[in-house]
Amino acid sequence: MHVPDGFLDPTTAIACGVLAAAGVAAALRGARRTLPPERLPLLGTAAAFVFAAQMLNFPVAAGTSGHLLGATLVAILLGTPAATVVMTCVVVLQCLLFQDGGLTALGGNLLTMAVVAPSVGAAVHAPLARALGGSLPARVAAAVVAGFASTLAAAVLCAALLASSGTVAWSAALPAMAVVHALVGVGEGLATALVLAAVARRRPDLVAPTATEGAPGPAPVASLAALGLVVAAALVVFVAPLACGWPDGLEHVATSLGFERAAAPPPLAAPWGDYEIPVLGAGPVAAIAAGLLGAAAAFLVAWFVARRVVPVGVAQASAHAADAGRT
Amino acid sequence: MSARMPGSCTPHGAAARLLTVLAFVAVVASTRTGDWTRLAALALGLASAWAIARASLRAVLVRLALAQPFVVGLELLALFQPDGLRVAATLAGKSTLCILALAVLADRTRFTDLLAGLRALRVPALLVTALGLTERYLALLVGEARRASRAVTSRTFSRRRAGVRAASAAGAAAVFLRATARAERVALAMRARGLR
């Protein structure tokens with residue numbers, strides 16, 4: 001998802017830069033407020049951890065494997081503002097030290113990977129974990145869905161940036177990014193949940209729900225399924241208008257404002273051109289199908305993780321701790 | 001040429017270098033498809049800056065080789081469209097110039113100087129400190145992860161995916177806990193050296 005130099009037009013690049021700067025500034029203020037001073041160095045070491053975690057392979061299915069992207073995991077463990085600062089460090093270092101992602105595209109890359117990815121991850125995780133009862137298995141299962149939603153949201157935004165730059169047609173960029181990142185998202189959700197459970201096994205205090213997340217309650221598996229349906233429906237409602245409404249809307253705006261550049265060659269190249277997804281066909285259908293299939297897979301994985309992966313001892317310990325906390 | 005440590009420069013010098021590279025990259029990125037004269041002129045400018053900075057040829061080319069695969073993928077996709085060759089060639093030229101410019105900067109400027117430059121550019125102190133700590137502990141934690149990954153491959157007898165996944169997760173969790181513990185010690189050290 002690292003956009004290189006030359007793929008964003010000046011307007012998009014500058015707009016992204018301003019938005020990302022605002023987001024990072026707010027996150028810095030938030031991190032200073034929410035993190036105690038003795039935990040501030042964690043912003044740096046956690047960013048180094050994200051680099052390091054990307055060295056570890058997580059086999060997903062059918063011979064493919066992925067690695068942790070980290071935004072959701074850090075958002076769950078440290079909170080959204082701190083996660084934005086951590087991911088900012090990661091993205092800036094990837095650009096300055098390893099030439100991964102462009103300097104003019106830094107604003108866009110920060111916006112997708114440092115601002116939107118952790119925010120969406122945390123925004124999905126907290127209410128979902130609470131709805132599932134707030135116990136450790138619930139929090140771990142919610143992490144699967146949060147990791148998936150965060151990855152997909154960042155990818156959709158990335159496609160929107162490329163499309164609004166005129167680099168790729170929206171009708172090509174959205175399905176291409178959505179299909180690939182629906183798969184990546186399932187892997188990310190799985191890796192996030194597994195690492196969260198492994199951290200909980202050693203240091204349950206680091207994964208304990210914060211005070212704002214409310215008291216834990218019972219977590220029946222049926223409510224997980226019901227909630228899954230609700231969130232999947234929400235995803236369709238969210239993705240469908242994006243897929244069907246936007247391209248026409250954008251093109252209409254472009255033509256009516258005279259942006260279509262009939263005679264002049266496009267200032268920026270269009271890498272995907274009329275590219276189509278061979279199996280699913282081009283356009284909104286593929287995007288919606290990818291979103292739905294991915295969401296369904298994420299919920300299957302979440303259910304599996306909740307049932308099988310979370311160590312029973314830890315779950316009971318956390319239930320006891322929760323009981324102790326309530327009495 | 002053997003690797004040499006770049007000489008140090010003042011914060012304002014580093015800031016000027018950063019801004020120069022940013023301006024150069026912005027000009028390259030906004031080049032139109034097929035504007036070969038402009039790309040050639042920019043390449044000439046980059047080559048002279050490279051010569052003046054006396055950047056290591058080998059180090060810069062290695063960085064280029066590491067950064068290119070993803071960009072090449074995008075450029076290959078660009079071939080499948082009308083006039084694809086021209087578009088792909090322009091993209092290849094642009095991304096190569098931008099990566100080279102950043103690689104020359106990274107090769108000839110110490111990272112601590114870049115941080116001082118960022119501070120001179122009024123980047124918030126907390127962010128600069130976090131960036132410095134990230135760079136400081138990058139090699140350490142990546143080394144931890146490599147050892148964890150080697151342990152996983154050497155101790156995972158069954159090739160079942162679940163086993164590898166659980167082991168990788170345990171490795172990542174261990175690295176995270178090391179990062180947390182390290183942060184606590186760094187905080188103590190910072191306070192001992194008079195922070196706040």
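Scope of the values below: all heavy atoms of this structure, side chains included, with no hydrogens, waters or symmetry mates. Within every chain, numbering begins at 1; the chains are lettered A, B, ... in the order of the sequence lines, protein sequences first and strands thereafter.
- Of the residues considered (A:Leu77, A:Val86, A:Val85), A:Leu77 shows the highest number of contacts with chain B, using heavy-atom pairs under 4.5 Å.
- Chain A forms the most heavy-atom pairs under 4.5 Å with one residue out of B:Leu126, B:Thr180, B:Leu105, B:Leu97, and that residue is B:Leu126.
- Looking at B:Val25, both its backbone and its side chain come within 4.5 Å of chain A, counting heavy atoms on both sides.
- For B:Ser149, the parts lying near chain A are the backbone and the side chain together; criterion is any non-hydrogen pair under 4.5 Å.
- For B:Ala139, no part sits under 4.5 Å from any heavy atom of chain A, backbone or side chain.
- Considering all non-hydrogen atoms of both residues, B:Phe111 and A:Leu93 come closest at CZ-CD2, 3.1 Å.
- Side-chain contact, A:Thr45 with B:Arg182: no donor N or O sits under 3.5 Å from an acceptor N or O.
- In this model, no donor atom of one side chain and acceptor atom of the other lie less than 3.5 Å apart for B:Ser56 and B:Asp107.
- Looking at heavy atoms from C-beta onward, A:Gln94 lies out of side-chain contact with A:Gln99 at the 4.5 angstrom threshold.
- Of the residues considered (B:Ala130, B:Ala170, B:Gly143), B:Ala130 shows the highest number of contacts with chain A, using heavy-atom pairs under 4.5 Å.
- Only the side chain of A:Leu206 comes within contact range of chain B, with at least one heavy atom under 4.5 Å from a heavy atom of that chain.
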| task | Go through the steps to decide whether B:Arg17 and B:Val21 satisfy the test side chain to side chain contact (heavy atoms under 4.5 Å, CB included), and finish with yes or no. | result | CA-CA 6 Å; B:Arg17 287 183 194 181; B:Val21 172; 5.5 Å; no
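- Only the side chain of B:Leu177 comes within contact range of chain A, with heavy atoms under 4.5 Å apart.
- Residue A:Leu196: no heavy atom, backbone or side chain, is found under 4.5 Å from chain B.
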| Step by step, would you call B:Val27 with B:Arg38 a side chain to side chain contact (heavy atoms under 4.5 Å, CB included)? | CA-CA 10 Å; B:Val27 172; B:Arg38 180 157 154 186; 3.7 Å; yes
| Derivation and outcome, side chain to side chain contact (heavy atoms under 4.5 Å, CB included), residues B:Leu121 and B:Leu18 | CA-CA 10 Å; B:Leu121 290 171; B:Leu18 264 174; 4.3 Å; yes
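- For A:Val50, no part lies near chain B; criterion is any non-hydrogen pair under 4.5 Å.
- For CZ of B:Arg63, the number of neighbouring non-hydrogen atoms (other residues, nucleotides, ligands) closer than 6.0 Å is greater than 12.
- For a residue to count as touching a neighbouring chain, one of its non-hydrogen atoms must lie under 4.5 Å from one of that chain's; by this rule B:Glu135 touches chain A with backbone and side chain alike.
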